[in-house]
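Residue indices begin at 1 and follow the sequence shown.
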Amino acid sequence: MSKYFNRFKQQATEFVTRSGSQTSIPEDLQQGQGKVNFFLKQKNDLVERIKQLTYENQTLSINIKGGQPLFHISNSWKIIIDNLKNNPDSNDCYQSIDHISRCNDTIRKLGDYQKDLSDDIKQNYLNPNTIFLKGIAKDYKTYSDRLNNCRLDLDSEKSKLNKCSDPYKRDKINENIHNYQKKFDEYSYVTKRLMEPLVDTYEIAEKEKSDISSFCKVLRNYHQKCLDELNALDREVNYQSVPIFQVSTYPKPEDLFNEYRSQLSQSRQNRLSSLSSLHSRNSTPPQLPARPAPQIPQCRALYDFDAQQPTDLAFKRGDIITIIKSEGNWWKGTLDGRTGDFPSNYVQKI
C-alpha cells in the first residue's frame, strides 16, 4: 500500500512543482510511446466500430435471429401483410399484397446474408485483431506501465535520499535505488523491443493493408449476394418500376380544430336564428297574403254591330266588352262607359 501511495505522492509532486522527473525515460522511447499509444487507441476505436456491424451488445437484438436488423424489419412487415390479408376487402388489392409478401421474403433472405456478414467479419477481421490487441499490444501496454511505475518508485527513493541524513537509512535507500534502477533498465529494454513492430511504418502499413483487404472481400461477397437476390426479385415483380405512392394530404390538427369550431359556431347561429324567427312569429301577426284578382268575364267582338234600338251597345270588330249578363241570345255588357245589349253570336268569350 505504501508503494502505491509513494507513486501517487511522486506524481502529485511532479505535477504541482512542474519540476519534472529525476529519472528520464530515453527520448526515443518517449517518442515511440506517443506513437504507439496513438496507434493502439485508433486501432481499438476501429475494432469497436466494426463490432457494430456484427450487432454485438445491442439489447434490442437479443433472441431475435442473431440480432440482425433486417429480421426486425421483415418481422414487422410480416405483421402488416397478415393484417392486410385478414381484412374483408383484401381481394381488391390482392396483387399489391402478393407484391409486398414477395419483397418481404427477399428481405428475410438478405437477413440471412447479413448474419453471414457478421460471422465473416468476426472470423476475418475481429478475431485476428483481437489476438493482436491481446498479444503484443497488451504486452507492450503492460511493460510500458511497469516502466512508468518503476520510474516513479525510483524518483520517490531519490527524493527520500535527498531529505535523509541518517547514514543507515541512506544505505538502505541507496540499495533500493540500485534495485529500482536495475528494473528500470530492464523494463526500458523490454518496452523498447516490444514497441519496435508497433512503430515500424512498414509493418503497420502492411498489417492494415491486409486487414482492410480482408474487410473489403467480406463486404464485396455480402453485397454481391444481396445484389443477385434483389436482381432476381426485380425480374419477378419489377419493383423498380413501381412509382412512389403519393399519400393524400392530411389536414393539420389545428385546421381540424378551427373547422370544428366554425361548424359549432354556425350551428349555434342557426339555432339562435330559428328561435328568433319563432319568437317573432308568435309576437307579430303574419302579413296578409295577396288576394287573387276577381275574374271579370269579357268577350271580343267578332263583327261590327250597329245599335238598332236605344238599349243596344254598338261596337266594332276587335273591341273588348265587359260582360254584365250572359243569358240567352242577347247579352248585356259595357264598353267605353256605355252599357247595352248585344247579340251573343257576334262575340267570343275570352
Side-chain angles (χ1 to χ4, degrees), residues 45-127 129-130 212 214-267:
D45 289 346
L46 178 60
V47 169
E48 290 303 316
R49 290 182 186 277
I50 292 179
K51 276 185 179 179
Q52 294 176 9
L53 293 176
T54 64
Y55 312 102
E56 291 185 351
N57 302 324
Q58 296 187 20
T59 55
L60 292 178
S61 303
I62 295 176
N63 299 325
I64 304 183
K65 194 64 177 177
Q68 308 308 317
L70 286 179
F71 281 101
H72 292 273
I73 295 171
S74 177
N75 289 338
S76 296
W77 241 313
K78 182 67 167 60
I79 295 173
I80 293 175
I81 293 168
D82 291 341
N83 185 58
L84 289 172
K85 287 181 178 179
N86 291 331
N87 285 334
D89 55 350
S90 60
N91 290 333
D92 298 338
C93 51
Y94 175 78
Q95 290 183 342
S96 296
I97 297 174
D98 185 65
H99 180 101
I100 300 169
S101 181
R102 182 64 188 88
C103 290
N104 193 48
D105 290 342
T106 298
I107 291 174
R108 197 158 190 84
K109 287 184 180 179
L110 299 186
D112 288 327
Y113 299 152
Q114 199 171 45
K115 187 175 187 303
D116 293 340
L117 171 65
S118 175
D119 294 339
D120 289 343
I121 288 175
K122 289 178 183 178
Q123 180 179 349
N124 293 282
Y125 183 85
L126 291 180
N127 292 344
N129 277 278
T130 299
I212 201 168
S214 298
F215 188 66
C216 288
K217 291 175 186 176
V218 170
L219 290 179
R220 182 184 183 278
N221 183 45
Y222 164 69
H223 287 290
Q224 186 62 54
K225 290 194 293 186
C226 290
L227 182 61
D228 292 343
E229 197 68 41
L230 290 170
N231 285 338
L233 174 66
D234 191 45
R235 288 192 294 270
E236 181 178 346
V237 300
N238 196 18
Y239 65 84
Q240 293 198 82
S241 66
V242 177
I244 297 176
F245 181 71
Q246 298 294 336
V247 180
S248 303
T249 303
Y250 294 110
K252 295 181 179 179
E254 53 268 25
D255 293 338
L256 294 177
F257 277 113
N258 292 334
E259 179 183 329
Y260 172 76
R261 290 164 184 163
S262 176
Q263 292 177 355
L264 187 61
S265 176
Q266 185 63 40
S267 175

May I ask you to check whether over 12 heavy atoms, not counting those of Q95, lie within 6.0 Å of atom CD? no
Flag side-chain contact, heavy atom, 4.5 Å: Y125 against V218: no
Given side-chain contact (heavy atoms from CB on, under 4.5 Å), test I121 with F215 step by step and report yes or no. CA-CA 7 Å; I121 288 175; F215 188 66; 4.2 Å; yes
side-chain contact (heavy atoms from CB on, under 4.5 Å) partners for R220, two or more places apart: none
Do D112 and F71 have side-chain heavy atoms sitting under 4.5 Å apart? yes
Interatomic distance, I81 atom CD1 to S74 atom OG [nearest 0.5 angstrom]: 7.5 Å
Indicate yes or no: at least one non-hydrogen side-chain atom of H99 is less than 4.5 angstrom from one of C103. yes
Minimum side-chain heavy-atom gap L84-I100 below 4.5 Å: yes
Validation row: N75, R108 side chains within 4.5 angstrom (heavy atoms): yes
Keeping the roles fixed (side chain from S76, backbone from H72), state whether a donor-acceptor pair exists under 3.5 Å. yes
Going by heavy atoms in the side chains, are Q263 and E259 under 4.5 Å from each other? yes
Heavy-atom distance under 4.5 Å between the side chains of Y94 and I97, does that happen here? no
With the side chain counted from C-beta on, respond yes when D120 and Y222 share a heavy-atom pair under 4.5 Å apart, and no when they do not. no
Give the minimum heavy-atom separation between W77 and N104, together with the two atoms involved. CB-OD1, 3.3 Å
On a heavy-atom basis, the closest approach of K85 and S90 is O-OG, 3.4 Å
Tell me whether the count of non-hydrogen atoms from other residues, nucleotides or ligands lying under 6.0 Å of CD1 in I80 goes above 12. yes
Test side-chain contact (heavy atoms from CB on, under 4.5 Å) applied to H223 and L219, step by step: CA-CA 6 Å; H223 287 290; L219 290 179; 4.2 Å; yes
CD1 of I212 to NZ of K217, rounded to nearest 0.5 Å, is 12.5 Å
Would you mind writing out the side-chain donor-acceptor pairs for residues 226-244 within the sub-3.5 Å range, not counting sequence neighbours?
| residue | atom | partner | partner atom | Å |
| --- | --- | --- | --- | --- |
| D228 | OD1 | Q224 | NE2 | 3.0 |
| E229 | OE1 | Y113 | OH | 3.2 |
| E229 | OE2 | K109 | NZ | 3.4 |
| N231 | ND2 | L227 | O | 3.3 |
| D234 | OD1 | Y239 | N | 3.0 |
| D234 | OD1 | Q240 | N | 3.1 |
| D234 | OD2 | Q240 | NE2 | 3.0 |
| E236 | OE1 | R102 | NE | 2.7 |
| E236 | OE1 | R102 | NH2 | 3.0 |
| E236 | OE2 | R102 | NE | 3.0 |
| N238 | ND2 | S241 | OG | 2.7 |
| Y239 | OH | L230 | O | 3.3 |
| S241 | OG | N238 | O | 2.9 |

